[in-house]
Asks: 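This is the structure, below, for whatever I ask next.
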Amino acid sequence: MSRVLKYTPEFNKEELYSIEKAFKLFADRNGMMNLNNMVIAMKELKFDESEPVIYDIIAEIESENKESLSYDDFVDRLTEKLQDRESQKCTERVFDLFTEDPKGTVTFEVLKKVHQDIGENASDEDLQRLIKSGASNGTDIPYEEFHSIMVKDISLK
């Protein structure tokens with residue numbers, strides 16, 4: 001496994017070195033790591049044992065009927081899950097900007113205020129339509145629905 005580390009925007013050189021070191025420590029002679037050792041390696045990398053990233057990776061691997069993973073696969077999956085986690089943190093920060101009511105939901109009133117604050121002149125009808133299309137109850141959007149809207153793939157047809 002003595003290969004040149006690839007640089008990714010997610011990990012710097014030192015982080016990649018730590019990941020490779022932890023992987024090598026728990027990999028077998030064939031350069032593969034089983035799932036139990038993956039959990040231990042993740043702890044070595046300072047992940048909390050209850051970290052959802054760990055269990056998401058395990059679930060993916062098991063769903064593929066695999067019992068181990070290569071270094072490249074480990075780095076790729078870890079990168080993907082950490083990007084997802086960062087994406088969720090960003091969505092939470094944006095959601096916090098849009099919530100003022102005690103229920104912690106996006107309402108028409110707050111959406112209108114935000115639009116005015118940023119200089120947008122959307123009509124009340126457009127904003128109502130936006131709320132109704134995003135809210136399962138038609139009046140306010142809780143975080144789960146907001147997150148769904150924010151991460152939804154938009155395809156151009």
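Only heavy atoms go into these numbers, but all of them, side chains included; no hydrogens, no water, no symmetry mates.
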Asks: Could you grab the distance from atom CG of L16 to atom CD of E20, nearest 0.5 Å is fine?
Replies: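 With rounding to 0.5 Å, CG (L16) is 8.5 Å from CD (E20).
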
Asks: Of the non-hydrogen atoms in L69 and D73, which two are nearest, and what is the gap between them?
Replies: CB-OD2, 3.7 Å

Asks: What's the shortest heavy-atom distance between E145 and A135, and which atoms?
Replies: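 The pair with the smallest heavy-atom distance is OE1-CA, 3.3 Å.
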
Asks: Before giving the answer on side-chain hydrogen bond (donor to acceptor under 3.5 Å, both in side chains), spell out for D72 and S70 the whole-Å C-alpha distance, their side-chain angles and the decisive distance to 0.1 Å.
Replies: CA-CA 5 Å; D72 287 339; S70 68; 5.5 Å; no

Asks: Just wondering, do I19 and V75 contact through their side chains at under 4.5 Å, heavy atoms?
Replies: yes

Asks: Taking atom NZ of K132 and atom CG of D140, what is their separation to the nearest 0.5 Å?
Replies: 13.0 Å

Asks: What is the distance from atom CG of L25 to atom NZ of K21, rounded to the nearest 0.5 Å?
Replies: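 Those atoms lie 8.5 Å apart.
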
Asks: Between atom CG of L127 and atom CG of L111, what is the distance when rounded to the nearest 0.5 Å?
Replies: 5.0 Å

Asks: Between CD1 of I54 and CD1 of I40, what distance do you get to the nearest 0.5 Å?
Replies: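 Here the rounded value is 11.0 Å.
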
Asks: Should F23 and L78 count as side-chain neighbours, where that means a heavy-atom distance under 4.5 Å?
Replies: no

Asks: Are M38 and F26 side-chain neighbours, meaning at least one heavy-atom pair lies under 4.5 Å?
Replies: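 No - every pair of side-chain heavy atoms lies 4.5 Å or more apart.
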
Asks: Which atoms form the tightest heavy-atom contact between I131 and I141, and what is the distance?
Replies: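 Closest heavy-atom pair between I131 and I141: CD1-CD1, 4.1 Å.
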
Asks: If every non-hydrogen atom of S68 is compared with every non-hydrogen atom of I61, which pair is closest and at what distance?
Replies: O-CG2, 4.4 Å

Asks: When you measure from the side chain of N30 to the backbone N and O of M32, does any donor-acceptor pair fall under 3.5 Å?
Replies: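 A pair under 3.5 Å: no.
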
Asks: How long is the straight-line distance from OG1 of T139 back to CZ of F108, given to the nearest 0.5 Å?
Replies: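 Here the rounded value is 12.5 Å.
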
